[in-house]
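These figures come from a predicted structure and were not determined experimentally.
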Amino acid sequence: MAVGEEAKGVVSEGRDPRRWVILGAVCVALTVIVVDNTVLNVAIPTIEDDLGAGPAELQAVVNAYVVVFAGLLVAAGLLSDRYGRRLTVVVGLAILLLTSLGAAFAPSTGWLIAARTVMGAGAALVMPGTLAILVHVFDPEERVKAFAVWSAVGSAAMAAGPLVGGVLVDEWGWPGVFVINAVLAAVAIVLVGWLVPESRDRRNRPVDVVGAAAMTLAMGAFVAAVTFVADHGPLSPTVLGSLAATVVGAVVFRARQRRAPSPMVDTGLYRDRRFVGASAAVAVLAVGTGSVLFVLTQHLQHVMGYSPVRAGLAVVPLAVGVVAGSPVGARLPARIGHRRAIVAGFTVTAAGFAVLALLTPTSHYALVATGLLLAGVGSGLASPAVHTTVLGAVPPDRAGMGSALNDTHQQLGVALGVAFVGSTVAAGYRHFAPAALDVRSGSSLGSTLSELADGQRDVIDAAHLAFTRAQSVAMLVCAAFAVAGGAIAWRALAPDHPQQPKE
């Protein structure tokens, strides 16, 4: 199916002779987005110490990026469909380059949160175009392989981010994690601009700026409400005000959608069981997967006493699991069907979280490695089937919008995961902490340890125990979300008929 005329610089869908090289360029752009988020996890304890950030501020540093990213994805997808996927990706990478440099010189937590907010806008411009480009250069028979590579690179970058971050934090402090983002963005700009052909939607649909802002307000306010519950209580003015802003944003967005001649979101997709089932499943799973490193890097550094570099090395099994699981995941839909492939992957991921729930202050690292390896394998098994199921329901001309919706569901799950699971750990830590610790609202394990002397071994051990108990509850919550995602996929997706792959 043609997307445009060669004279306009628009490629047709099918077998582009450079498709695998184009996939490499797209994966570099994807790596920038993923590393921008995960490389920060290992720097969280250092930022906490250097900038005096509390638990809510640390969650805001992570979620400022994720919330804006998720809220603008649909509008960014429409921009990429209208003005060209390659152009939109390059502009987004340029924004990421500049804001990463700005974050590296942040003098305060507020400055850092502001920089991360603008980074989210840049990432939103990049992400939809990556999958949309693949839809247009690969034919349907090869897409599952391309998506498997795309997913493996993204997941491996997610797991490798803490390792890279650990090295950079040891060498240059936490600003180093943002300098590497700027370097990667510069490389990606050159590769995408040089190698990727342009493609766009033939219909030139308008972009609703007000609707996009309303969606971002609704999502950001809801995540903020979840974040503030642990410290302020569910009926506090802060939480209730955030929920009110959520309602306002949702109502405005709905009103704009009903009146727009060309709505931002094709609501007809939500009547397709494939799209709804896979999207809902991956959103629920992301609540767990998006928060596990946020919590675990604190355990590795504060409880196990690892340096940032060693903590980064400690999460490498997650990347190993993804790399090992992805090739199998690329073949699974043809052998057992998409629904069973998704459920199998989610089940293995849940098992990994359950293993991590067994951690205590004296646990051996082998337990950490086993849990992360299982979580990575599960992600590798499920991701190709999820992406092909979601995008298989979207017309090729609207690949940017479809990719954006897919990413929106996932990133909303990530943001809620960091907020909800992070708040669970914070509340659990205060609940399990003995009176001798004098843990107050807003306290964290890091802030507690900074106030204790080395000789107070008994009190330090009590703080470690309180944190690991809270962490165990959080990991069981993550496992429950993974199981729920598998159940949603099994219930919502119709059984498909697997066929043996062509030789």
- Check side chain to side chain donor-acceptor pair (under 3.5 Å) between Arg310 and all other residues, then give those that pass, not counting sequence neighbours. none
- Are Tyr306 and Tyr365 side-chain neighbours, meaning at least one heavy-atom pair lies under 4.5 Å? yes
- Rounded to the nearest 0.5 Å, what's the gap from CE on Met304 to CG on Leu296? Could you check? 9.0 Å
- From the options Thr88, Val89, Val192, select the one residue that forms a side chain to side chain contact (heavy atoms under 4.5 Å, CB included) with Val126. Val89
- Atom CG of Leu101 and atom CZ of Phe178: how far apart are they, to the nearest 0.5 Å? 11.0 Å
- Item | Set of side-chain contact (heavy atoms from CB on, under 4.5 Å) partners for Ala94, sequence neighbours left out | Ile189
- Item | Under the side-chain contact (heavy atoms from CB on, under 4.5 Å) test, residues paired with Ala123 that sit two or more places apart | Ile33, Tyr65, Phe69, Leu96
- Note on the structure: Residue set satisfying side-chain contact (heavy atoms from CB on, under 4.5 Å) with Ala324, at least two apart, ordered chain then number -> none
Solution key, residues 370-378 side-chain donor-acceptor pairs under 3.5 Å, sequence neighbours excluded:
| from | atom 1 | to | atom 2 | distance (Å) |
| --- | --- | --- | --- | --- |
| Thr370 | OG1 | Ala366 | O | 2.8 |

- Item | Donor-acceptor contact present, side-chain Glu198 to main-chain Arg85, <3.5 Å | yes
- Query: Listed by chain and number, what are the side chain to side chain donor-acceptor pair (under 3.5 Å) partners of Ser279, not counting sequence neighbours?
  - Reply: His409
- OG1/Thr246 to CG/Leu217 distance, rounded to the nearest 0.5 angstrom? 7.0 Å
- Message: What's the separation between atom CG in Leu23 and atom CG in Leu195, rounded to the nearest 0.5 Å?
- Response: 11.5 Å
